[in-house]
Amino acid sequence: MTSDLITFTQCAALSDLGSEELVLGVTPSALHRLLYANYVLHLEQGWEIVRDMIVADLRASLEFGALRRAADLLIVLRRLLGERLKASRLQGTAKIVSIASVPGAAAGARFRGRRTGRIASELEGEETISCFSIAPDPRARLERRRADGAPRDLHRVRRSETVPYRQHSRKLASLASAAALPLLGNRGSLRRILPSLARPSPNAAPLFLFQFVARNEAMVSKRARAAPKTCAVAGMLLLLAAPAFAQDPRAEQAQLADVIRVHPTDYETTYRYVLLSIELKDYEAAIGALERLLTFNPALSRAQKELGFLYARLGAYQTAAVHLRAALAVGDLDPVQTAQIETYLPDIDKQTLTSRWSGRLQVGLRSQSNASFFPANGLFLVGGVGVFAPLQRRADVNAFQLAEIANDIDLDPQGVNQFETRAKGYATEQFHLGQFSVGLLSLSAGPRFALDSELWRGASIKPYATGLTSMVGGINYLNAGGAGVSLRLPFGSEAAIEPGVEWRHLGVNSRGLFSTIATLATGEAVTASVAGIFTASDDVKLETRALFTRANAAVASQSFDQIDGQALLRVDVDPPFAWIGRKWTIAPFARIFQISFDAANPMVDPWRARRDVAWSAGVTLEAPVTAAFGFSGVVEYSRNGSNLPNFRTNNVSVLFGPVARF
């Protein structure tokens with residue numbers, strides 16, 4: 001943009017600005033490109049009108065002491081005039097006037113103000129001139145302009161030349177300029193911003209608004225105290241206009257990219273670009289910006305940290321570990337950032353190993369309002385006749401132990417294919433109802449092969465074998481074994497689905513009357529499923545699963561179809577203490593399933609086949625304290641509705657306990 005600007009002396013000569021109005025000390029940036037784009041929307045009215053609009057806004061900014069805003073507008077004005085000179089082929093004949101010879105420069109002593117910067121402006125064919133910009137006393141400047149015969153209207157635009165523009169914005173401008181003038185101190189700016197309500201575009205209006213308030217905080221606060229009601233109205237107007245000011249994130253990313261390309265050591269702009277790129281999931285762009293920043297200053301610990309976590313997102317764990325250790329080595333990170341690195345670095349290091357073990361161990365207490373799973377009304381059907389049970393539903397508390405262990409072994413140097421093993425164990429000890437104590441152990445293992453990246457990038461297939469054994473009341477109850485296959489099909493980084501099918505042989509060891517009314521019986525079961533993971537953001541993830549199971553037992557009354565739907569929403573939140581490096585997770589969940597048996601069970605009701613519709617809902621809290629230790633809790637309510645009273649149950653369950661991870 002610098003090459004498009006005319007010199008200061010040319011600008012003063014072509015816009016009738018005095019030397020005291022040339023506020024310097026600002027480097028051209030993306031902000032000025034946005035401002036320029038906003039003004040050229042009105043070029044159909046003539047470039048002179050646009051020039052006068054900029055000059056008027058510049059002088060209004062000076063009136064209210066907004067020196068930085070005036071300097072920004074001067075950059076825009078220089079570009080407009082430069083483009084005009086190129087278009088009219090006047091570059092070679094334009095009159096070059098020294099800043100010292102601009103009318104009013106010798107009278108600089110009459111104006112109060114302060115120095116805002118020093119520049120060295122190289123004129124074409126002339127010597128270098130150094131000067132200072134002095135903010136004028138508004139009253140003295142107005143007196144000078146009146147003496148020169150200038151009109152009192154600050155905008156100096158003839159009414160006949162601005163009818164289309166005024167017709168476009170008169171109603172909004174008349175309402176908002178009076179309301180927001182004490183806040184912004186710039187009626188000309190509102191005259192540009194408010195018409196964009198009728199013509200929204202990603203231009204400079206919203207950026208100017210917030211940049212102006214931020215740069216002139218003291219002036220804004222003073223005027224807000226002087227006119228609180230007026231500022232409140234202005235705020236409401238700006239909120240109403242907010243949808244029109246919305247800027248496309250991709251456009252903002254491109255603008256920031258232009259800035260950091262010219263100013264590679266602009267740290268704050270680079271970090272803003274990185275954060276925006278992460279929000280857009282453009283991780284490669286964020287990595288490139290940080291890498292370029294580190295070439296100028298390798299000791300930037302914050303850049304090293306962010307770069308390490310970005311590489312970890314992309315699966316480059318060795319590179320990620322190098323950058324995270326470099327960030328720690330600098331030693332200037334605050335305790336919160338240090339805790340984040342120390343928490344996640346062991347997990348990242350683990351991913352660099354050929355064989356990776358991980359586990360989660362939990363112990364605790366669980367309370368149930370219906371530990372015996374008796375019907376809510378205590379009524380049973382026996383042969384179609386209702387009987388009240390001598391025993392009623394009972395609440396109980398148990399101690400539980402939960403262990404989940406996983407192992408992944410790379411099958412090739414690139415780690416594309418691997419062998420996955422998963423094991424899970426769960427056991428409870430009821431305090432009063434020992435016959436309902438349970439134990440369960442499951443295991444699955446199989447290789448995961450990557451599919452052709454040309455066909456589907458990131459897709460994989462996993463055949464596996466699986467087995468399960470369980471005990472109830474100290475007696476073996478269910479044994480199962482089988483095999484299955486699943487696909488993993490990612491859709492970018494936002495979603496993935498995993499369809500699969502599994503076959504199992506069921507061996508049920510049930511005795512007495514219970515064996516005839518139990519849901520499960522010896523036989524076979526085939527389950528088709530599809531799971532989905534949808535990532536809304538880094539902190540919000542939705543996990544869903546739908547299943548259909550067909551179970552065939554020796555008798556029709558224990559053969560059934562089951563449809564099952566599950567959903568869990570993971571929301572990561574900042575922990576209550578800054579020294580905790582890992583985020584906490586709140587995960588509400590819900591499940592609903594329907595089970596339909598093939599035939600009636602004459603031991604229960606000889607005329608009606610069992611039909612159940614059950615649902616449960618709850619919330620899980622994962623609260624890590626360190627990388628290896630934390631707490632977890634679950635609150636759940638479950639209800640089973642059935643056409644047979646024997647199976648109508650409900651239960652409230654609460655569990656809590658410490659968790660260890662490795």
(request) Test Asp564 against Arg545 for side chain to side chain contact (heavy atoms under 4.5 Å, CB included), laying out the working first. (result) CA-CA 8 Å; Asp564 195 342; Arg545 195 179 187 201; over 6 Å; no
(message) If I take atom OG1 from residue Thr428 and atom CG from residue Leu655, how far apart are they, to the nearest 0.5 angstrom?
(response) 11.5 Å
(message) So Leu290 and His323, do their side chains get closer than 4.5 Å, heavy atoms only?
(response) no
(request) Taking the side chain as every heavy atom from C-beta outward, state whether Tyr271 and Leu293 have any pair of such atoms under 4.5 Å apart. (result) yes
(message) With rounding to the nearest 0.5 angstrom, report the CD1 to OG1 distance, Ile409 to Thr421.
(response) 6.0 Å
(request) For residues Phe656 and Leu621, determine if any side-chain heavy atom of one lies less than 4.5 Å from a side-chain heavy atom of the other. (result) no
(request) Specify whether Phe491 and Trp456 have parallel, tilted or perpendicular ring planes, treating 30° as the upper limit for parallel and 60° as the lower limit for perpendicular. (result) perpendicular
(message) Does this structure show an ion pair linking Asp349 with Arg356, if we count only N-O contacts that are shorter than 4.0 Å?
(response) no
(request) Can you measure from CG (Asp574) to NZ (Lys583) and round to the nearest 0.5 angstrom? (result) 5.0 Å
(request) Might you point out which heavy atoms bring Ala339 and Thr343 nearest each other, and give the distance in Å? (result) O-OG1, 2.7 Å
(request) With the side chain counted from C-beta on, respond yes when Arg570 and Thr620 share a heavy-atom pair under 4.5 Å apart, and no when they do not. (result) no
(request) Calculate, to the nearest 0.5 Å, the distance between atoms CZ and CD belonging to Phe548 and Gln562 respectively. (result) 9.5 Å
(request) Please report the shortest heavy-atom distance between Ala285 and Ser277, naming the atom on each side. (result) CB-OG, 4.1 Å
(message) I'd like to know if the side chain of Trp584 and the backbone of Pro624 have a donor-acceptor N/O pair within less than 3.5 Å.
(response) yes
(message) Any side-chain to backbone donor/acceptor pair from Thr585 onto Glu622? Under 3.5 Å, distance only.
(response) no
(request) Specify whether Phe629 and Phe631 have parallel, tilted or perpendicular ring planes, treating 30° as the upper limit for parallel and 60° as the lower limit for perpendicular. (result) perpendicular
(message) Can a donor-acceptor pair be found, under 3.5 Å and without considering hydrogens, that links the side chain of Asp539 to the backbone of Val573?
(response) no
(message) For Phe374, is there any backbone N or O sitting under 3.5 Å from a side-chain donor or acceptor partner on Asn370?
(response) yes
(message) So which atom in Glu342 and which in Ala627 form the shortest heavy-atom distance, rounded to 0.1 Å?
(response) O-CB, 4.5 Å
(message) Test your reading of the model: is there a side-chain donor-acceptor pair from Asn640 to the backbone of Thr649, 3.5 Å cut-off?
(response) no
(message) Around atom NZ of Lys350, are there more than 12 heavy atoms from other residues, nucleotides or ligands closer than 6.0 Å?
(response) yes
(request) Please answer whether the main-chain N or O of Gln430 pairs with a side-chain N or O of Asp396 as donor and acceptor at a distance below 3.5 Å. (result) no
(message) For Glu279, is the CD atom crowded, meaning more than 12 foreign heavy atoms sit under 6.0 Å from it?
(response) yes
(message) Checking side-chain polar atoms at under 3.5 Å, does Ser460 have a donor or acceptor matched by the opposite partner on Arg448?
(response) yes
(request) Check the pair Asp408 / Arg422 against side chain to side chain contact (heavy atoms under 4.5 Å, CB included), numbers first and verdict last. (result) CA-CA 9 Å; Asp408 296 332; Arg422 303 290 184 267; 3.0 Å; yes
(request) Mind listing the closest non-hydrogen atom pair of Leu280 and Arg250 along with its distance? (result) O-NH2, 3.6 Å
(message) Main chain of Leu478, side chain of Ser470: is a donor-acceptor contact present, judged purely on distance under 3.5 Å?
(response) yes
(message) Looking at Leu275, I want to see if its CG is surrounded by more than 12 non-hydrogen atoms of other residues, nucleotides or ligands under 6.0 Å.
(response) yes
(message) Would you say that Leu276 contacts Glu252 through its side chain, given a criterion of any heavy-atom pair below 4.5 Å between the two side chains?
(response) yes
(request) Give a yes or no answer on whether the side chain of Gln401 reaches the backbone of Leu361 with a donor-acceptor pair at less than 3.5 Å. (result) no
(message) I'd like to check Tyr464 versus Glu502 (side-chain heavy atoms, cut-off strictly below 4.5 Å). Are they in contact?
(response) yes
(message) Determine whether Phe419 and Asn407 satisfy the following criterion, side chain to side chain contact (heavy atoms under 4.5 Å, CB included), listing intermediate values before the conclusion.
(response) CA-CA 8 Å; Phe419 192 88; Asn407 175 250; 6.0 Å; no
(request) Give a yes or no on whether Lys424 atom NZ has more than 12 heavy-atom contacts from other residues, nucleotides or ligands under 6.0 Å away. (result) no
(request) Determine whether Trp615 and Tyr637 make a side-chain contact, defined as any pair of heavy atoms from C-beta on separated by less than 4.5 Å. (result) yes
(message) Between Gln368 and Ser653, do the side chains contain a donor N or O and an acceptor N or O under 3.5 Å apart?
(response) no
(message) Taking the basic N atoms (NZ, or NE/NH1/NH2) and the acidic carboxylate oxygens, is any pair closer than 4.0 Å for Arg591 and Glu636?
(response) no
(request) Verify the neighbour count for atom CZ of Arg661: are there more than 12 heavy atoms of other residues, nucleotides or ligands below 6.0 Å? (result) yes
(request) Please check if any side-chain donor atom of Thr527 sits under 3.5 Å from a side-chain acceptor atom of Thr549, or the reverse. (result) yes
(request) Over all heavy atoms of both residues, which pair between Phe534 and Ala495 is shortest? Give the atoms and the distance, please. (result) CD2-CB, 3.8 Å
(request) Would you tell me whether Gln318 and Tyr311 have side-chain atoms, one donor and one acceptor, within less than 3.5 Å of each other? (result) no
(request) Assess whether atom CZ of Phe296 is packed by more than 12 heavy atoms of other residues, nucleotides or ligands within 6.0 Å. (result) yes
(request) Hey, could you give me each pair passing side chain to side chain donor-acceptor pair (under 3.5 Å) that has a residue in residues 327-339? Not counting sequence neighbours. (result) Ser301-Asp332
(message) Evaluate Val259 against Tyr273 for side chain to side chain contact (heavy atoms under 4.5 Å, CB included), listing each step before the verdict.
(response) CA-CA 10 Å; Val259 176; Tyr273 174 82; over 6 Å; no
(message) Looking at Ser369, is its backbone amide N or carbonyl O close enough to the side chain of Asn651 to form a donor-acceptor pair, meaning the two atoms are under 3.5 Å apart?
(response) yes
(request) Quick one: list whatever passes side-chain hydrogen bond (donor to acceptor under 3.5 Å, both in side chains) with Asp538, sequence neighbours left out. (result) Arg313
(request) Calculate, to the nearest 0.5 Å, the distance between atoms CD and CZ belonging to Gln253 and Arg272 respectively. (result) 10.0 Å
(request) Please tell me if the side chains of Ser437 and Asn398 come closer than 4.5 Å, counting only heavy atoms from C-beta onward. (result) no
(message) Give me the atom names and distance for the closest heavy-atom approach of Ala371 to Phe436.
(response) O-CG, 3.9 Å
(request) Report the distance from atom CG of Leu345 to atom CG of Leu324, rounding to the nearest 0.5 Å. (result) 5.5 Å
